Amino acid sequence: MAAELSTSINIKEPRWDQSTFVGRAKHFFTVTDPRNVLLTNEQLAHAHKIVTDYRQGIVSPGLTEDELWRAKYVFDSAFHPDTGEKMILIGRMSAQVPMNMTITGCMMTFYKTTPAVLFWQWINQSFNAIVNYTNRSGDAPITVRYAGSPNHACTNCINSFLVCSQLGTAYVSATTGAVATALGLNALTKHVSPLIGRFVPFAAVAAANCINIPLMRQRELKHGIPITDENDNRIGESTKAAQQAISQVVVSRILMASPGMAIPPFLMNHLEKKAFLKRFPWMSAPIQVSLVGFCLVFATPLCCALFPQKSSISVSRLEPELQEKIRASHPGLERVYFNKGL
């Protein structure tokens, strides 16, 4: 009879060493696996039970270490690391490749007319808004729940309205920025090589990421994100940590989009001169989508791995008042840690 699985495996941390790029890459190849999108609610619930039971010292009969890690990664693919809430399907990192390959491929195929630019940049920014909020750092909910009295109810309604207004403003600002960039660059590239025009969508996406991510996560910039010591003991909230987290995510997202939006234009510019696409021009979109998808399968996990998910910051770089609090309660502590989001 097989021995029962030990309860000493640390599933709070990824399976591979996160202090190395290779370890982080292995982790994110699992997290962003597009096949996780196909998991049923029953499979997610089963993984959730295995992980939560194991954390409480309860081992499912016959459970192996590989099965435990598989359940942990299924769990991580669908549930937010800070709030524990099930994430909306298209906002999960496992949906990045199928969603982005479709949207990006179409943006790069239909970039020549103003209506097409407006439509696909709107679709892209709508998707990005969902992803950026779904993968935010911290455990603050989007709304404040009713606390039990009419006054509380009024306050909560106002708070909910303000949150929705902030998210709406962020969404409109990012979409407007992306569309303005795309249309402006389209106008500038009318008299240059068609190949240069193919890179307009990438410039628009890069500009929009610089707007969309900070705005969709502006609550973190205003109120801070949770910081902990190396043993995951919560110390407080820091806006300086939020600034570092969001900066890292912006860089990762722009680089993530780069291969899929930089390599296919050269290939498509070459292919469209061939007889095949001249005879079957409708094949341009599916070919471009496939090329983008191939690039994203590798670019998504590799760019997510550029920075540790559990990032750190020196105590000396935190807000002065927070530094004083930490020195008083945790003398000798030099670095604190936080979830940077994705």
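Nothing here was measured: the structure is a model prediction, and the numbers come from that model.
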| said: Show every side chain to side chain donor-acceptor pair (under 3.5 Å) that has at least one partner inside residues 297-312, sequence neighbours left out. | reply: Asp232-Lys310, Gln248-Ser311, Gln309-Asn339, Ser312-Arg335

| query | Can you list every pair that meets side chain to side chain donor-acceptor pair (under 3.5 Å) and has a residue in residues 250-267, with sequence neighbours left out? | reply | Asn132-Arg253

Going from [atom1] on [X] to [atom2] on [Y], what distance comes out if it is rounded to the nearest 0.5 angstrom?
X: His27; Y: Thr32; atom1: NE2; atom2: OG1; answer: 9.5 Å
X: Glu324; Y: Leu318; atom1: CD; atom2: CG; answer: 12.0 Å
X: Met101; Y: Gln96; atom1: CE; atom2: CD; answer: 13.0 Å
X: Leu39; Y: Gln43; atom1: CG; atom2: CD; answer: 5.0 Å
X: Leu38; Y: Asp33; atom1: CG; atom2: CG; answer: 9.0 Å
X: Leu291; Y: Thr104; atom1: CG; atom2: OG1; answer: 12.5 Å

| Quick one: does Arg234's side chain have a donor or acceptor within less than 3.5 Å of a partner on Thr228's backbone? | no

| task | Determine yes or no for a side-chain-to-main-chain donor-acceptor pair under 3.5 angstrom, with Asn231 supplying the side chain and Asn233 the backbone. | result | no

| message | Can you see whether Gln244 engages Arg317 through a side-chain donor-acceptor pair at a distance of less than 3.5 angstrom? | response | yes

| message | Atom CD of residue position Glu334 - does it have more than 12 heavy atoms of other residues, nucleotides or ligands inside 6.0 Å? | response | no

| query | Should we say atom CZ of Phe29 is surrounded by more than 12 heavy atoms from elsewhere, each under 6.0 Å from it? | reply | yes

For the residue pair [X] and [Y], what are the closest heavy atoms and their distance?
X: Thr239; Y: Leu221; value: CG2-O, 3.4 Å
X: Leu333; Y: Val336; value: CD2-CG1, 3.9 Å
X: Asn100; Y: Leu296; value: CB-CD1, 3.5 Å
X: Ser77; Y: Ser94; value: O-OG, 4.4 Å
X: Pro14; Y: Lys72; value: CA-CE, 4.2 Å
X: Ile50; Y: Ala71; value: CG2-CB, 3.8 Å

Validation row: [X], [Y] side chains within 4.5 angstrom (heavy atoms):
X: Tyr54; Y: Val59; result: yes
X: Ser126; Y: Trp122; result: yes
X: Ile227; Y: Glu237; result: no
X: Ile225; Y: Ser238; result: no

Count I, L, V, M, F, W, Y as connected when their side-chain heavy atoms are under 4.5 Å apart, and connections chain through other members. Are [X] and [Y] then in the same cluster?
X: Ile88; Y: Met99; value: yes
X: Val315; Y: Tyr337; value: no
X: Ile130; Y: Trp120; value: yes
X: Val74; Y: Met87; value: no
X: Val297; Y: Met256; value: no

side-chain hydrogen bond (donor to acceptor under 3.5 Å, both in side chains) partners for [X], two or more places apart:
X: Lys26; value: none
X: Ser314; value: Ser316
X: Asn10; value: none
X: Asp66; value: Arg15

Could you work out, with ring pair (Phe, Tyr, Trp, His ring centres under 6.0 Å) as the rule, every residue matching [X], not counting sequence neighbours?
X: Trp69; value: none
X: Phe307; value: none
X: Phe75; value: His48, Phe79
X: Phe21; value: none

| request: Look at the aromatic rings of Tyr73 and Trp16 and report parallel, tilted or perpendicular, splitting at 30° and 60°. | output: tilted

| Among all residues two or more places apart in sequence or in another chain, which pass the salt bridge (Lys or Arg N to Asp or Glu O under 4.0 Å) test with Lys49? | Asp53

| message | Starting from Leu89 and following side-chain heavy-atom contacts under 4.5 Å between hydrophobic residues (I, L, V, M, F, W, Y), which residues can be reached? | response | Val37

